[in-house]
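Naming: A, B, ... by sequence-line order, numbering from 1 per chain.
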Amino acid sequence: MNAPRPRLVLIDGSSYLYRAFHALPPLSNDAGEPTGALFGVVNMLRATLKDKPDYVAFVVDAPGKTFRDDLDPQYKANRPPMPDDLRAQVEPMMQVVEALGMPILRVPGVEADDVIGTLAVQAATHGIDVTISTGDKDFAQLVRPHIALVNTMTGSRTDSDEAVIEKFGVRADQIVDYLSLMGDKVDNIIGVDKCGPKTAAKWLDEYGTLDGVMAHADEVKGKLGENLRAVLHRLPLNRELATIRTDVELEQAPTDLALRERHVEDLKVLYARYGFKQALKELEGASGEGGAGDGGDAGGASGSARAGGGATGLRSTAAGYARGSSADDEALDPALAAPGEYETVFTDAQLSAWIAKLRAADEFAFDTETDSLDAMRANLVGMSFAVTPGAACYIPLAHDYPGVPAQLDRAAVLDALRPLFSDASKRKLGQHGKYDLHVLRRHGVDVAGYADDTMLESFVYNATATRHDMDSLARRYLGYETIPYEQVAGKGAKSIPFPQVAIDDASRYAAEDADVTLRLHRVLAAKLAAEPMLQRVYREIEMPLVPVLTRMEATGMKVDGDELRRQSADLSRRMLAAQQKATELAGRTFNLDSPKQLGALLFDELKLPVLVKTPGGAPSTNEEALEAIADQHELPRVILEYRGLAKLRSTYTDKLPEMVNPDTGRVHTSYHQAGAATGRLSSSDPNLQNIPIRTDDGRRIRRAFVAPEGRRIVACDYSQIELRIMAHLSEDAGLLRAFAAGADIHRATAAEVFGKAIDAVSGNERRAAKAINFGLMYGMSAFGLARQLGIGRGEAQDYIALYFDRYPGVREFMERTRQQARERGYVETVFGRRLYLDNIHARNQGLRAGAERAAINAPMQGTAADIIKRAMIDIDGWLAGHRERALMVLQVHDELVFEVEANFVPTLLEEVSGRMAGAAELRVPLVVDSGSGQNWDEAH
DNA sequence: ACTGCTGCGTAC
DNA sequence: GACGTACGCAGCAGTG
């Protein structure tokens with residue numbers, strides 16, 4: 001054997017201090033000095049010294065700038081100052097390190113990482129075995145022969161390429177590229193939005209290096225692909241920032257770092273002072289295992305209040321930007337990005353002057369600032385206005401902090417503004433104005449003439465760009481960087497409510513909102529004007545829908561909270577029974593909610609076969625997987641039972657009662673008008689578009705959506721609307737005939753495909769036909785159909801071939817749609833709404849196939865969305881004369897729900913059905929089914 | 001304590 | 001790899 005190589009341990013001091021601080025409870029000594037982090041670090045140091053390294057260094061950052069700061073002024077710009085409780089532990093830590101006899105390295109102008117990197121490489125090339133002791137994954141890039149990482153907090157050791165691959169999914173030489181893709185929040189390195197370890201590893205596996213990923217960026221589909229392309233230009237900089245230098249000038253060589261004699265007396269004093277009993281005992285020659293210090297106070301619970309201090313709805317969501325559409329490659333006008341001049345209105349004279357300006361204009365932009373993101377609870381804190389680009393004002397109304405300047409009276413200001421807001425001929429414009437309409441309405445101001453909304457302009461112009469918040473739009477269409485909300489109000493737990501934001505800061509932020517909205521409108525209105533069909537979708541569908549949705553949200557729906565709580569109790573009881581049964585069957589306890597633990601139990605311990613994998617490659621425990629092994633063990637069935645119950649309770653019966661607004665006693669969902677690229681609405685807080693209906697337990701939840709005394713719930717839904725649209729678009733003779741005859745479309749399809757008379761179709765055949773019908777609309781393959789029906793792939797292929805044989809128009813329609821997507825880069829709905837497909841020409845087969853499936857689905861899903869939106873606008877207009885008797889309360893894609901006076905039900909059914917059916921003239925009739933009852937379940 | 005990702009499941 | 005569009009829950013790993 002060779003002589004043992006000498007060993008060098010390089011300790012990443014800052015990393016351990018911070019990690020120990022976060023990982024350990026906030027311990028303190030008898031004098032009340034914080035000691036948690038110190039305790040962690042000291043234990044780590046003692047463990048390190050037990051192995052008796054030949055050389056050792058404790059490396060920490062020196063204050064001052066480094067080359068990374070020069071590369072990127074934003075580097076580490078987000079870092080909050082060190083918490084006081086941690087700062088207090090730094091000096092004691094250095095004293096302990098010193099007393100232990102460890103050399104301390106703190107090199108001005110060089111980050112600790114680079115000191116460690118340089119020493120490690122030098123030592124390794126001079127016959128020394130190096131261990132880097134750190135909790136920071138970035139160091140994985142240094143792993144190579146004779147350089148290993150160890151994390152003594154977790155006990156993990158990474159000492160080979162295999163170990164790096166096992167941990168990160170990439171080789172050590174790919175780590176820098178991997179980090180560049182993910183970015184680093186704490187260092188303020190902007191990576192690819194939504195790209196985490198899995199995605200980064202997948203891309204690097206596929207394309208080898210960062211350069212490879214960048215070269216193939218146009219093949220990556222979906223939002224991730226957009227996000228990747230958006231930050232492409234930054235990635236080389238990220239690589240530089242993430243690369244640990246191994247060539248900096250240092251005064252010390254590795255061999256200068258011999259461990260010195262420890263200073264026992266100093267250590268005794270320090271250990272005693274901070275209460276490290278175990279360490280003290282060891283020092284005094286005794287030994288023993290045991291208690292790791294007295295527990296201090298446990299970390300205090302924090303409020304779970306939603307992030308307050310919201311401004312304009314989407315405005316305050318996180319940044320992150322998407323590439324502009326394929327339709328707007330023009331250069332941006334630099335004048336658009338110039339800073340604005342803003343005025344804060346404190347006096348009546350200033351207010352009068354601004355009102356005069358607003359009166360003189362045809363159109364103005366406005367925005368509200370509030371103390372909550374929830375429009376149904378938010379209080380008005382200030383308002384801003386803009387009439388000409390670059391000039392805006394902010395009127396503070398309810399800022400409240402010590403020394404706050406006198407502000408105008410809120411009620412008086414609103415009274416003065418009311419005539420402007422109620423004048424429908426005065427065009428108002430906003431960004432996500434539905435939010436502001438709610439706020440003003442709740443403060444006694446009804447807005448008429450809400451004429452333009454930049455979020456909706458952007459959505460109609462290019463729905464593929466996923467973000468339509470103001471910050472993203474300003475960046476994309478103006479080249480303008482807005483002031484982030486976090487900059488004025490802080491972020492997360494440290495954020496302050498908007499009323500406490502200094503008026504000066506609030507003014508810059510809020511006035512900018514109105515100014516930028518106006519600038520954006522100028523740009524986007526011109527773009528839309530150049531596309532007459534899109535212009536119509538915007539003018540005739542999206543804008544008129546805004547007040548309709550506002551009314552529906554404001555109305556809300558009555559929910560019987562007590563009924564839901566009873567259901568929760570019942571579900572809990574049954575969950576407990578399932579859990580006990582599962583424990584019995586497993587022979588041990590485990591967390592039924594943890595797919596990881598469940599997978600280990602089923603597939604490792606019980607050795608059940610893995611028939612389904614997750615997209616991440618792990619054995620799946622989803623419903624399909626559990627069904628597949630349910631005949632081999634009792635446990636999977638019990639898990640399925642538990643899952644079903646847990647889902648209902650956690651998502652619905654527990655949560656919905658919490659969401660009842662105390663002022664109205666109802667739940668007020670938010671509809672997101674720019675939510676789904678196809679033009680559908682989405683619903684959140686709570687999402688009322690995914691309330692269960694398929695199982696009996698699920699459907700019970702709908703019984704809690706009730707009508708008040710004397711009223712009924714009425715539900716009207718389109719029958720098979722997307723298939724009817726497919727018939728319309730494909731003009732397939734067979735499909736048109738079936739719908740014209742009013743046939744049960746799945747049964748009719750089965751009769752055609754299986755060559756039988758309508759009456760001879762079996763239940764199973766109808767089920768298969770239904771799967772084909774739906775599958776086709778989603779672009780499903782034979783493989784998918786086979787899986788869905790549990791049949792062979794060949795058989796599934798036969799069904800599909802037979803289908804296309806009987807309905808050749810459908811095949812042609814699908815080919816035509818793909819063709820159009822390829823030629824023009826987009827597909828459109830019957831009403832001209834467009835969806836761009838960024839990946840339709842991707843070289844990557846999977847991405848391209850995905851884009852083709854989306855292309856086939858979008859015209860049908862989108863046309864259905866257009867139709868029901870038109871119906872809603874029409875119905876809302878009719879309901880204007882009947883507000884006391886009937887309210888439109890919900891939309892669920894192909895269904896509208898109303899709350900109606902009992903004696904008005906027949907009228908409403910007739911009117912609504914007629915207006916829904918008449919919302920479009922297609923080659924097939926639109927059929928509407930409806931029902932009524934005391935609750936939403938009965939109405940079906 | 002907080003964030004983001006993963007796995008899963010609900011709707012149309 | 002294999003079915004389109006959403007929202008949201010719990011677990012979990014990572015994090016100065």
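Taking a pair as Watson-Crick or G-U wobble with both distances under 3.5 Å, the runs of three or more consecutive pairs in DNA chain C are B:1-12 with C:4-15.
Side-chain atoms of Lys596(A) stay outside donor-acceptor range of the base of dG11(C), with no qualifying N/O pair under 3.5 Å.
Side-chain rings of His746(A) and Phe774(A) approach one another, their centers coming within less than 6.0 Å.
Residue Glu623(A) places its side chain closer to dG9(B) than to any other of dA10(C), dG8(C), dG9(B). With dC12(B), dT10(B), dC12(C) as the choices, the nucleotide that has an atom nearest any side-chain atom of Arg680(A) turns out to be dC12(B). Considering only the side chain of Gln861(A), dT5(C) comes nearest among dC12(C), dC12(B), dT5(C). In this structure, of dG7(B), dA6(C), dA11(B), it is dG7(B) that holds the atom nearest to the side chain of Pro615(A).
Val170(A) and Ala201(A) make their closest contact through CG1-CA, 3.7 Å (heavy atoms, listed as atom of the first residue, atom of the second, distance).
Backbone-only contact: Asp184(A) has heavy atoms under 4.0 Å from sugar-phosphate atoms and none from a base. Heavy atoms of Leu688(A) sit nowhere under 4.0 angstrom from any nucleic acid atom. At the heavy-atom level, Glu722(A) lies nowhere under 4.0 Å from the strands shown. Residue Ala677(A) is in sugar-phosphate contact alone, with no base atom involved, counting any heavy-atom pair closer than 4.0 Å across all strands shown.
Thr651(A) has no side-chain polar atom (N or O) that falls below the 4.0 Å cut-off from OP1 or OP2 of dG8(C). Put simply, Lys137(A) has no side-chain N or O that comes within less than 4.0 Å of OP1 or OP2 on dG14(C). Regarding contacts with the backbone of dG7(B), a side-chain N or O of Thr614(A) is found under 4.0 angstrom from either OP1 or OP2. Put simply, Gln891(A) has no side-chain N or O that comes within less than 4.0 Å of OP1 or OP2 on dC12(B). Here Arg853(A) does not reach the OP1 or OP2 of dA2(C): none of its side-chain N or O atoms lies under 4.0 Å away.
Residue Asn690(A) contributes atom CG, which lies 5 Å from atom C1' of dA11(B) at whole-angstrom precision.
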Can I get a per-line list of side-chain donor-acceptor pairs under 3.5 Å for residues 594-603 of chain A, giving both atom names and the distance, sequence neighbours left out?
unit_1    : atom_1 : unit_2    : atom_2 : d
Ser594(A) : OG     : Lys596(A) : N      : 3.4
Ser594(A) : OG     : Gln597(A) : N      : 3.1
Gln597(A) : OE1    : Asn591(A) : N      : 2.8

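A salt bridge is defined here as a Lys NZ or Arg NE, NH1 or NH2 lying under 4.0 Å from an Asp or Glu carboxylate O, and Asp61(A) with Arg106(A) fails to meet this definition.
Partners of Asp12(A) by side chain to side chain donor-acceptor pair (under 3.5 Å), not counting sequence neighbours, listed by chain and number: Thr134(A).
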